[in-house]
Amino acid sequence: MIIVGADGSAPSRAAVEWAADDAARMSLPLRIVHVMDTSWYLVGRRPGAALPGALLSEGQRILREAEELARERQPSVRVSTKEVEGAPAEVLREQAGDAAELLVGSRGRGGFAGALLGSVSTDVAGQTHCPVVVVRAEPRPRIRSTR
């Protein structure tokens, strides 16, 4: 299986395209993972507090668009999605488990806070057993599967 992190950013969309192409080339299923970093929303709230509906619906939208992009790019690839709460780098390392490859965008939606805390790509590179591909938001030609 190939795992790709999706956050709706341009580099994330490029990573989904690359992951779909690799999944087609290697005849592997693709799992698109969106990680909800809820730490900012839970500051000062009681344990078990409900997450804002907008946060949940945004995550679902991101996954839906990423899945559509992957299916459009490589219709023959089996695509699944998963939304997980937690720290993005930690969750993606866990999701990579026995994956053949983990892909992330070079820059996410972390903004200034992400620059201070370190990027997800830096945090996962070299800390998983599988290859990690960090994808920039540049147009890529579509790779056609020969199978």
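Partner Leu30 forms a side-chain contact (heavy atoms from CB on, under 4.5 Å) with one of Val4, Asp21, Thr81, Asp22 and no other, that one being Val4.
When all heavy atoms are compared, the tightest approach of Cys130 to Ala99 is CB-O, 3.2 Å. Closest heavy-atom contact between Thr128 and Ala96: CG2-CB, 4.2 Å. Summarising the geometry of Glu83 relative to Gly59, their closest heavy-atom pair is OE2-CA, 3.1 Å, with the distance given to 0.1 Å. Here the closest heavy-atom approach between residue Val135 and residue Pro11 is recorded as O-CB, 3.8 Å. Between Asp7 and Ile62, the closest heavy-atom pair is O-CD1, 3.4 Å. The two atoms that bring Ile2 and Ala23 nearest to each other are CD1-N, 3.4 Å, heavy atoms only.
In terms of modelled atom types and a separation under 3.5 Å, the side chain of Ser12 and the main chain of Gly105 share no donor-acceptor contact. Counting only distance, with no hydrogens or angles, the side chain of His34 and the backbone of Gly5 share no donor-acceptor pair below 3.5 Å.
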Stepwise salt bridge (charged side-chain N to carboxylate O under 4.0 Å, His left out) check, Arg13 with Glu17: CA-CA 6 Å; Arg13 289 190 300 275; Glu17 290 178 336; over 6 Å; no
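The side-chain heavy atoms of Leu63 and Ile32, taken from C-beta on, include a pair separated by under 4.5 Å. Side-chain contact between Ile3 and Leu103 is absent, with no heavy atoms from C-beta onward closer than 4.5 Å. In this structure, the side chains of Leu92 and Val33 come closer than 4.5 Å at one or more pairs of heavy atoms. Proximity of Val124 to Leu102: side-chain heavy atoms (C-beta onward) are separated by under 4.5 Å at one or more points.
To the nearest 0.5 Å, atom CZ of residue Arg73 and atom CH2 of residue Trp18 are 10.5 Å apart. Rounding to the nearest 0.5 angstrom, the gap separating the CD atom in Gln127 from the CZ atom in Arg93 is 5.0 Å.
Using a 4.0 Å cut-off between charged nitrogen and carboxylate oxygen, Arg71 and Glu67 count as a salt-bridge pair.
A side chain to side chain donor-acceptor pair (under 3.5 Å) check over residues 94-104, counting only residues at least two apart or in different chains, returns the pairs Arg31-Gln95.
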